[in-house]
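First comes the structure, then the notes that go with it.
What's counted below: heavy atoms across the whole structure, side chains too, no hydrogens, waters or symmetry copies. Small disclaimer: the values here were computed from a predicted structure and weren't measured.
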Amino acid sequence: TEALFAGVPILYSRQTGIDGYLDGLEVGVGVDPNDIAEIGRGLVALARENGRYRTAIAEAGSELHRRFDPERQIALYQSEIKAAVVARPNPGHWSVSVHADWRPLEAEWRALEADGALTAFQRYDWAAAWYAVTSRHGRAEPLIVVIRPALGEPPAMILPLARYMAHGVSTIGFADMRVSDYAAPVMRRGLDLSPAEARLLWRRVKAALPAADLLHFSKLVPDAGGQANPLLSAGKPVAHVFSTHSVPIKAPWREHAGQRMGNRNVKDLLRLKRKLEALGPVRFVVNHGSRETSAHFETLVAQRTARFSALDRNDAMADPVWQELYRGVVEGTDARPYATLIGLEVGGELIAAGYGLEHDGSYLLLVPSFAYGRCDKASPGLQLVFAAMEWGAEKGLATFDLTVGDEPYKRSFQAQSRPVYEWMEPLSARGIAPWLTWKTKVWLRRHPGLRARLKRLMGRTAD
């Protein structure tokens, strides 16, 4: 602002600092502070059009003084604070109800998520499919918590919870049980609870829940849709054993990928792609709600189960119940079709496939797969992800989310890591033993040297 009031055009950061104060005034250039190329273009524009910018600053002098006047800014803050204090409801008096059937809540749920803050796994289309499948097979009992500021008002928050048996203990947690990667309430936009308010509201929710031995909230994200997750204040969270990983994407992807991943990594992938092209035409495919979607899904299942069986590793896709869930989300069996399938074809053969969800400007890759065989040396799995990032960037998505798990392939894309959290609380004498076991695991994770010695001593993992 000192430069601006001296008549000098400025380069400033978008979405932070003074951005917003200068709307409608051509007195500088706003840029992404993390984009070197855009910063460079902004500086060049300021140099080339310096005279025009200086003239605009002189003409906007009185308006600039008005916008940055200290008394005006103080008055705006006072107005916002007064409005917030007067209008702020007391969460201790909010209405809390627990529902066993998700279907009558569909209209309110969809209305809340349409303009609210949530993760991909609390959307109605995922939660409804999860509840339908687990109910059919007796895996879990739905517990949908609906929170309203007052009876008769639209929900301010929905918690898609469930009660299920875990290691012989009755447990309440999110609708997850291995297959939902993130957890947060579905929240009304602008709902900003202080930690004390979140704890007060949670006490009301806990009192409304049915009897169980254990509360276990896992894979809690710090925020959903840019809004803080109030459940982190409800318990005593610790970092989950796994992190989540994502890659910012934008077009043109080949150029941006070099900056993100390193030019050498990109060149290696393009060199390997030429090996695929020598075998036949290479094509990236996307299926969502089309006639080809079901066949695409069955190929993914066959690839995934064959690979994990050969590796002697357990995988959720091998469980018929979870396979039914994934298929139902693809085909829209219990709600609208939600999953978007991606794939890489070589000569008409689907050599790699992926199962994911589009949400909030991001593609979340949940289940990648590839076929063993003639394409192995070309890294078909990596080729699929790289091609999918290009597709997402051209589509206008901002992030390619590799979700929870610390698999080595994620390092190839220089993915950004972010912690997710969990907390546990015993509700009965039967819940104390698993709670103490969990506390011990958390303690061992914080003392890796001792954990390694215990592993050697016991001849098995301490996890």
Side-chain angles (χ1 to χ4, degrees), residues 121 126 129-130 133-134 136-140 164-167 176-181 218-219 241-245 272 275-276 279 284-285 287 292-331 333 339-357 364-388 401-413 415 455 459-463:
F121 300 94
W126 178 270
W130 192 95
V133 170
T134 54
R136 280 197 291 269
H137 294 277
R139 288 277 179 99
Y164 51 89
M165 296 301 292
H167 307 292
D176 176 8
M177 296 176 72
R178 291 185 69 191
V179 293
S180 300
D181 275 17
S218 182
K219 293 179 278 188
V241 64
F242 295 121
S243 299
T244 180
H245 307 271
L272 292 172
K275 291 186 177 182
L276 292 180
L279 300 173
F284 179 77
V285 295
N287 280 308
E292 295 81 14
T293 303
S294 294
H296 190 150
F297 176 76
E298 297 305 330
T299 300
L300 180 148
V301 171
Q303 290 176 354
R304 181 85 176 188
T305 51
R307 178 167 164 248
F308 274 73
S309 176
L311 295 171
D312 195 26
R313 285 171 55 190
N314 186 22
D315 181 51
M317 190 64 84
D319 185 326
V321 173
W322 297 133
Q323 199 176 118
E324 182 181 330
L325 168 68
Y326 288 124
R327 184 180 288 106
V329 176
V330 165
E331 298 176 352
T333 307
T340 298
L341 303 183
I342 57 174
L344 201 64
E345 289 183 352
V346 175
E349 176 192 352
L350 194 65
I351 64 158
Y355 182 110
L357 308 174
L364 292 80
L365 181 62
L366 307 184
V367 185
S369 74
F370 58 89
Y372 285 119
R374 60 194 182 122
C375 300
D376 288 357
K377 292 183 179 179
S379 300
L382 296 182
Q383 294 290 341
L384 169 70
V385 174
F386 188 75
D401 194 331
L402 299 169
T403 64
V404 170
D406 298 331
E407 296 87 346
Y409 84 89
K410 297 177 182 180
R411 293 196 292 270
S412 303
F413 298 96
K455 279 185 180 182
R460 59 184 175 82
T461 66
D463 285 330

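Shown here are the side chain to side chain donor-acceptor pair (under 3.5 Å) partners of R327, two or more places apart in sequence or in another chain: E298, Q323. With sequence neighbours excluded, no residue satisfies side-chain contact (heavy atoms from CB on, under 4.5 Å) with A306. A search for ring pair (Phe, Tyr, Trp, His ring centres under 6.0 Å) contacts involving F413 returns nothing, not counting sequence neighbours. Listed by chain and residue number, F284, I342, F400 satisfy the side-chain contact (heavy atoms from CB on, under 4.5 Å) test with A388 (two or more places apart in sequence, or in another chain). With sequence neighbours left out, R136 forms a salt bridge (charged side-chain N to carboxylate O under 4.0 Å, His left out) with E324, D334. Under the rule for a side-chain contact (heavy atoms from CB on, under 4.5 Å), the partners of S379 that lie at least two apart in sequence or sit in another chain are L272, L382. Partners of D176 according to the side chain to side chain donor-acceptor pair (under 3.5 Å) rule, which considers only residues two or more places apart in sequence or in another chain, are K219. Residues forming a salt bridge (charged side-chain N to carboxylate O under 4.0 Å, His left out) with D315 (at least two apart in sequence, or on another chain): R304. Looking at residues two or more places apart in sequence or on another chain, you find a side chain to side chain donor-acceptor pair (under 3.5 Å) between H245 and D406, S417. Every residue two or more places apart in sequence or in another chain that forms a side chain to side chain donor-acceptor pair (under 3.5 Å) with Q303 is listed here: S369. Residues passing the ring pair (Phe, Tyr, Trp, His ring centres under 6.0 Å) test with F121 are W126, Y182, sequence neighbours excluded. Scanning for salt bridge (charged side-chain N to carboxylate O under 4.0 Å, His left out) contacts around E331 gives an empty result, with sequence neighbours left out.
Under the 4.5 Å side-chain criterion, counting only non-hydrogen atoms from C-beta, D319 is not in contact with R178. Taking 4.5 Å as the limit, every side-chain heavy atom of L364 sits out of range of all side-chain heavy atoms of D181. Counting only heavy atoms from C-beta outward, the side chains of I351 and L279 never approach each other to under 4.5 Å. Taking the side chain as every heavy atom from C-beta outward, N287 and F297 never approach each other to under 4.5 Å. The shortest side-chain heavy-atom distance between M177 and W130 falls under the 4.5 Å cut-off.
Taken from CE in M317 to CZ in R307, the straight-line distance is 12.0 Å, to the nearest 0.5 Å. How far NZ of K275 is from CG of D376: 11.5 Å, rounded to the nearest 0.5 Å. Between atom CG of residue L350 and atom CG of residue L344 there is a gap of 8.0 Å, rounded to the nearest 0.5 Å. The structure places OG of S180 at 7.5 Å from CG of L325, a figure rounded to the nearest 0.5 Å. Once rounded to the nearest 0.5 Å, the distance linking CG of L366 with CG of L357 reads 4.5 Å. L402 CG to S243 OG: the interatomic distance, rounded to the nearest 0.5 Å, is 12.5 Å.
Taking a 6.0 Å sphere around CZ of F308, one finds it holds more than 12 heavy atoms contributed by other residues, nucleotides or ligands.
Here the closest non-hydrogen pair linking T305 and A318 is CG2-CA, 4.3 Å. Scanning both residues, A316 and V179, for their nearest heavy atoms gives CB-CG1, 4.2 Å.
Of the possible donor and acceptor atoms, one in the side chain of K410 sits under 3.5 Å from a partner among the backbone N and O of T403. Remark: side-chain polar atoms of Y355 are paired, donor with acceptor, to backbone N or O of Y326 under 3.5 angstrom.
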